[in-house]
Protein chains: 2
Amino acid sequence: MKLSNTSQYAIRILTYMADKQDTQRINAKDLSQTLDIPYKFLTKIMTDLVKVGFIVSIRGREGGYRFEKEISDISIEDILKTFNDEIKDEACILGIGYCNNTCKCALHDQWLDSKIALQKMFKESSIDTLVGEGNKV
Amino acid sequence: MKLSNTSQYAIRILTYMADKQDTQRINAKDLSQTLDIPYKFLTKIMTDLVKVGFIVSIRGREGGYRFEKEISDISIEDILKTFNDEIKDEACILGIGYCNNTCKCALHDQWLDSKIALQKMFKESSIDTLVGEGNKV
DNA sequence: AATTAATACTACCTTGAAGTAGTAATTAAG
DNA sequence: CTTAATTACTACTTCAAGGTAGTATTAATT
């Protein structure tokens with residue numbers, strides 16, 4: 001049980017960009033090297049982040065990326081949704097279709113509290129709350 | 001973020017077997033049909049569950065499977081560990097090596113409480129606490 | 001002893017995520 | 001205008017999880 005590589009990368013990219021916002025513009029090569037993410041894979045993720053409107057790209061020489069949305073308005077949940085990695089509300093943890101109060105799997109009740117806590121955490125963790133001193137990148 | 005198919009199947013299998021413990025012996029064909037798990041894939045999982053000592057197999061005609069361990073002594077955590085799907089204590093949620101109090105990623109603190117709650121839930125949910133009336137299988 | 005119904009084993013195929021390669025498009029600098 | 005440095009696009013390859021096929025082994029029934 002873990003986040004996908006893609007989600008992990010995206011969160012790290014955006015958090016790092018937020019940390020460097022003075023620079024205003026950061027390019028794929030720098031991100032790839034600093035975050036140790038394969039260059040070609042990173043650019044693919046960047047394009048997705050552009051398409052979904054979190055960042056904008058500046059093409060050509062001296063180009064790069066900068067935020068489009070306020071970093072206080074981008075949550076981990078938003079990022080996970082971009083890569084279809086979020087915890088969907090009615091998704092059954094045992095994979096038996098959909099669970100709810102009246103139609104539930106054997107783990108449903110036990111899972112419920114943890115799920116809500118996780119969802120809340122993902123929703124309330126916006127990028128601006130993550131930039132901090134001394135964290136690993 | 002979800003459990004692997006294999007883990008989901010294994011939990012469902014063991015929970016269903018516990019539910020039917022009066023029968024004492026249940027075979028792969030029945031499990032496959034009742035739980036709608038591909039037969040060949042199910043038998044592969046069963047063999048793993050035998051190897052790890054949760055159940056024993058009886059080969060030959062009239063064969064099948066029954067529990068070896070007490071169902072109160074098999075937790076979801078144990079099952080997840082069998083298929084390498086558990087939440088490892090120091091595994092970084094962002095995939096940057098290992099996290100702990102002194103060396104942490106940007107999400108570490110937010111993740112900590114949820115992680116502990118999840119681990120606790122997985123550890124405390126033994127199979128006997130899951131058998132219940134009217135649950136989906 | 002033969003048949004039948006069951007699990008175990010080995011090897012393969014499929015699918016989706018992860019990662020790579022090459023080229024086109026864009027734009028600042030010289 | 002040319003060059004260099006950048007992102008975007010298209011297509012491919014790799015890897016691990018999920019799933020399938022065939023055969024060997026086991027043991028009760030007849």
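Labels below follow one simple rule: chain letters A, B, ... track the order of the sequence lines, proteins then strands, and each chain is numbered from 1. These figures come from a predicted structure and were not determined experimentally.
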Within the sub-3.5 Å range, which N or O atoms of nucleotides 23-30 of chain D have a protein N or O partner, and how far apart are they?
| residue | atom | partner | partner atom | Å |
| --- | --- | --- | --- | --- |
| D/dT25 | O2 | B/Arg59 | NH2 | 2.9 |
| D/dT26 | O2 | B/Gly60 | N | 3.3 |

### Message
Given B/Glu77, which partner from the list B/Lys120, B/Lys88, B/Lys123 fulfils the salt bridge (Lys or Arg N to Asp or Glu O under 4.0 Å) test?
### Response
B/Lys123
#### Entry: Any donor-acceptor N or O pair under 3.5 Å, side chains B/Asp128, B/Ser72
no
### Task
Taking the side chain as every heavy atom from C-beta outward, state whether B/Leu130 and B/Ile76 have any pair of such atoms under 4.5 Å apart.
yes
### Query
Is there a side-chain contact between B/Leu35 and B/Tyr9 (heavy atoms, below 4.5 Å)?
no
### 5'-most by nearest nucleotide on DNA chain C - A/Tyr39 or B/Ala28
B/Ala28
### Query
When you check the phosphate oxygens OP1 and OP2 of D/dA8, does a side-chain N or O of A/Ser57 lie under 4.0 Å from one of them?
yes
### Task
Would you classify B/Phe83 as touching base, sugar-phosphate or nothing, given that sugar-phosphate means primed atoms plus P, OP1 and OP2, and contacts are heavy atoms under 4.0 Å?
nothing
### Query
When you measure from every atom of DNA chain D, which of residues 47-54 of chain A have a heavy atom less than 4.0 Å away?
A/Thr47, A/Lys51
### Message
I'd like to know if the side chain of B/Asn27 pairs up with that of B/Glu62 as donor and acceptor (distance under 3.5 Å, no hydrogens or angles considered).
### Response
no
### Message
Regarding D/dG18, can its base be found pairing with the side chain of B/Lys44 as donor and acceptor, where the two atoms are less than 3.5 Å apart?
### Response
no
### Query
Do you know the tightest heavy-atom contact between B/Met46 and B/Met17?
CE-SD, 4.1 Å
